[in-house]
Amino acid sequence: MPVEEFVAGWISGALGLVLGHPFDTVKVRLQTQTTYRGIVDCMVKIYRHESLLGFFKGMSFPIASIAVVNSVLFGVYSNTLLLLTATSHQERRAQPPSYTHIFLAGCTGGFLQAYCLAPFDLIKVRLQNQTEPVAQPGSPPPQYQGPMHCAASIFREEGYRGLFRGAWALMLRDTPTVGIYFITYEGLCRQYTPEGQNPSSATVLVAGGFAGIASWVAATPLDVIKSRMQMDGLRRRVYQGVLDCMMSSVRQEGLGVFFRGVTINSARAFPVNAVTFLSYEYLLRWWG
Ligand SMILES: CN(C)C(=N)NCCC[C@H](N)C(=O)O
């Protein structure tokens with residue numbers, strides 16, 4: 001099994017993650033709290049109340065976990081394509097796989113990465129939702145004092161299964177949308193690259209950016225539900241399951257609830273995935 005894809009997935013994911021985390025914090029707040037009037041209001045309040053560091057809350061764990069999550073995503077995608085089409089990454093420009101194979105490989109990668117991502121994403125969302133300013137002497141400590149404390153508290157209060165709260169919504173979100181992610185990327189690269197050649201850096205940046213936007217627009221409805229399920233159980237259980245969370249969110253806030261955070265999700269998705277695909281492609285060419 002070729003391992004370069006796993007390593008390239010890890011490095012490229014880490015670069016994209018640092019770039020996108022501030023957008024991600026704003027998105028999670030908008031999806032789960034009703035105190036903000038919009039993106040700008042949320043950014044101003046985070047900055048005033050929590051300083052610049054507020055935007056980077058909950059980042060240390062995703063950075064540590066990206067090694068597992070993104071290498072599983074890209075490694076499983078590429079190795080599933082190898083199983084389906086018997087072509088390696090280097091051979092795929094000369095013998096391009098069909099879109100059905102790309103979609104199936106993407107869905108497989110998305111499904112397996114969601115399982116690895118679930119506990120890390122839960123801890124990130126819980127930490128991002130703490131609105132206390134960064135600790136000052138004499139001020140009461142926030143409920144979670146860091147990622148390990150958060151993980152231990154969830155385990156103590158909600159058990160092992162508590163660490164997988166929201167995992168079903170995450171799998172439903174990621175399985176089809178990661179298929180869409182790779183199809184969009186490959187489709188755009190093929191469109192703007194002469195047959196048999198590698199795509200140029202500009203093509204990779206644009207195709208990666210739009211792959212991010214297309215997949216995140218499709219993912220946003222379940223992303224909202226996932227974030228709410230992850231915050232559920234913090235004080236008391238509100239939702240019985242994914243469907244119940246969908247129904248009661250629509251009942252209370254209308255259909256527009258499914259598009260909460262779609263603008264910030266897309267603004268984040270372009271640079272994150274442009275950088276992720278560019279570094280992934282170049283690392284593989286460099287090692288190839
Ligand atoms: C819509 N979804 C779930 C995706 N496209 N997932 C693939 C990876 C995305 C990248 N790490 C990011 O955080 O944007």
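Values reported hereafter were calculated over all heavy atoms of this structure, with side chains retained and with hydrogens, waters and symmetry mates removed. As the structure is a computational prediction, the values presented were derived from the model and not from experiment.
For the pair V7 and L283, the minimum side-chain heavy-atom distance is 4.5 Å or more. Proximity of F155 to L163: side-chain heavy atoms (C-beta onward) are separated by under 4.5 Å at one or more points. Using a 4.5 Å heavy-atom cutoff, the side chains of N79 and L82 are in contact. With contacts defined as side-chain heavy-atom distances shorter than 4.5 Å, the pair V217/N265 does not qualify. Side-chain contact check for I225 versus Y239: every heavy-atom pair is 4.5 Å or farther apart. Counting heavy atoms from C-beta on, the side chains of V178 and L73 come closer than 4.5 Å. Here the side chains of L17 and V272 are not in contact, with every heavy-atom distance at 4.5 Å or above. Between C42 and K45, every side-chain heavy-atom pair lies at or beyond the 4.5 Å cut-off.
Cluster partners of L83 are absent, since no Ile, Leu, Val, Met, Phe, Trp or Tyr has side-chain heavy atoms less than 4.5 Å from it. Grouping Ile, Leu, Val, Met, Phe, Trp and Tyr by side-chain contacts under 4.5 Å, direct or through others, puts V40 with V44.
Residues in residues 192-225 take part in these ring pair (Phe, Tyr, Trp, His ring centres under 6.0 Å) pairs, two or more places apart or across chains: F210-F270. Residue pairs meeting the salt bridge (charged side-chain N to carboxylate O under 4.0 Å, His left out) criterion with at least one partner in residues 94-121, sequence neighbours excluded, are D121-K124, D121-K226. For the salt bridge (charged side-chain N to carboxylate O under 4.0 Å, His left out) condition, no pair includes a residue of residues 210-219, sequence neighbours left out. A salt bridge (charged side-chain N to carboxylate O under 4.0 Å, His left out) check over residues 168-178, counting only residues at least two apart or in different chains, returns the pairs R173-D223. The salt bridge (charged side-chain N to carboxylate O under 4.0 Å, His left out) analysis of residues 257-273, with sequence neighbours excluded, yields the pairs D24-R268, E253-R260. Sorted by first then second residue, the ring pair (Phe, Tyr, Trp, His ring centres under 6.0 Å) pairs that include residues 63-84, not counting sequence neighbours, are F74-F182, F74-F277, F74-Y280, Y77-F182.
Other residues, nucleotides and ligands contribute over 12 non-hydrogen atoms within 6.0 Å of the OH atom of Y36. In the displayed structure, M43 atom CE is contacted under 6.0 Å by at most 12 heavy atoms of other residues, nucleotides or ligands.
With N70 contributing its side chain and I66 its backbone, the two residues share no donor-acceptor pair below 3.5 Å. When atom types are taken as modelled, the side chain of R29 and the backbone of Q130 share a donor-acceptor pair closer than 3.5 angstrom. Side chain of D232 to backbone of V238: a donor-acceptor contact under 3.5 angstrom is found. A donor-acceptor pair under 3.5 Å is formed between the side chain of S215 and the backbone N or O of G212. At least one donor-acceptor pair closer than 3.5 Å links the side chain of H21 to the backbone N or O of K57. Of the possible polar contacts, none joining the R165 side chain to the M231 backbone as a donor-acceptor pair under 3.5 Å is found.
Here the closest non-hydrogen pair linking P221 and A218 is CD-O, 3.5 Å. Taking every heavy atom of both residues into account, R285 and P199 meet most closely at NH2-O, 3.0 Å. Minimum heavy-atom separation, V275 to L205: N-CD2, 4.4 Å. Of all the heavy atoms in L81 and A105, the pair that sits closest is CG-CB, 3.8 Å. Closest heavy-atom contact between S227 and Q31: OG-OE1, 3.1 Å. The shortest heavy-atom contact between P22 and F56 is CG-CZ, 3.5 Å.
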| request: Step by step, work out the side chain to side chain contact (heavy atoms under 4.5 Å, CB included) result for C189 and Y185. | output: CA-CA 6 Å; C189 280; Y185 176 71; 3.6 Å; yes
| side chain to side chain contact (heavy atoms under 4.5 Å, CB included) evaluation trace for L188 with V206 | CA-CA 8 Å; L188 287 173; V206 172; 5.6 Å; no
| said: Before you tell me yes or no, could you show the steps for L104 and T80 under side chain to side chain contact (heavy atoms under 4.5 Å, CB included), namely the whole-Å CA-CA distance, both residues' side-chain angles and the distance that decides it to 0.1 Å? | reply: CA-CA 8 Å; L104 288 177; T80 309; 5.9 Å; no
| request: Determine, step by step, whether L52 and Y47 satisfy the side chain to side chain contact (heavy atoms under 4.5 Å, CB included) criterion, reporting the C-alpha distance in whole Å, the side-chain angles of both residues, the deciding distance to 0.1 Å, and the verdict. | output: CA-CA 6 Å; L52 257 189; Y47 182 71; 3.9 Å; yes
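Atoms SG and CG, on C150 and L127 in that order, are 4.5 Å from each other to the nearest 0.5 Å. To the nearest 0.5 angstrom, L117 atom CG is 10.5 Å from L122 atom CG. Rounding to the nearest 0.5 Å gives a distance of 12.0 Å between OG1 of T108 and CD of Q113. Put simply, CD on Q252 and CE on M247 are 12.5 Å apart, with the number rounded to the nearest 0.5 Å. Considering OH of Y115 and CG of L170, their distance stands at 12.5 Å, rounded to 0.5 Å. In this structure, CD on E186 lies 10.5 Å from OG1 on T184, to the nearest 0.5 angstrom.
With no hydrogens or angles considered, a side-chain donor-acceptor pair links S249 and R228 at under 3.5 Å.
I46 is connected to I39 through a chain of hydrophobic side-chain contacts under 4.5 Å among Ile, Leu, Val, Met, Phe, Trp and Tyr, so both are in one cluster. F23 and V18 fall within the same hydrophobic cluster, where Ile, Leu, Val, Met, Phe, Trp and Tyr residues are linked whenever their side-chain heavy atoms come under 4.5 Å apart, directly or through other members. In the hydrophobic clustering of this structure, L19 does not group with I213; members are Ile, Leu, Val, Met, Phe, Trp, Tyr whose side-chain heavy atoms approach within less than 4.5 Å, directly or through other members. Grouping the Ile, Leu, Val, Met, Phe, Trp and Tyr side chains by contacts below 4.5 angstrom, directly or via other members, places L222 with V257.
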Result block: side-chain N/O donor-acceptor pairs under 3.5 angstrom for residues 92-99, not counting sequence neighbours:
unit_1	atom_1	unit_2	atom_2	d
R92	NE	T87	O	3.2
R92	NH1	S78	OG	3.2
R92	NH2	S78	O	3.0
R92	NH2	T87	O	2.9
R93	NH2	E281	OE2	3.4
S98	OG	H101	N	3.2
S98	OG	H101	ND1	3.4

Validation: residues 9-16 side-chain donor-acceptor distances under 3.5 Å, sequence neighbours left out:
unit_1	atom_1	unit_2	atom_2	d
S12	OG	A8	O	2.7
S12	OG	G9	O	3.2

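Stacking of R161 on the aromatic ring of F164 is not recorded, the 6.0 Å distance cut-off and the 45° axial limit not both being met.
Every residue two or more places apart in sequence or in another chain that forms a side chain to side chain contact (heavy atoms under 4.5 Å, CB included) with F111 is listed here: M171, T175. By the ring pair (Phe, Tyr, Trp, His ring centres under 6.0 Å) test, F120 pairs with F61, sequence neighbours left out.
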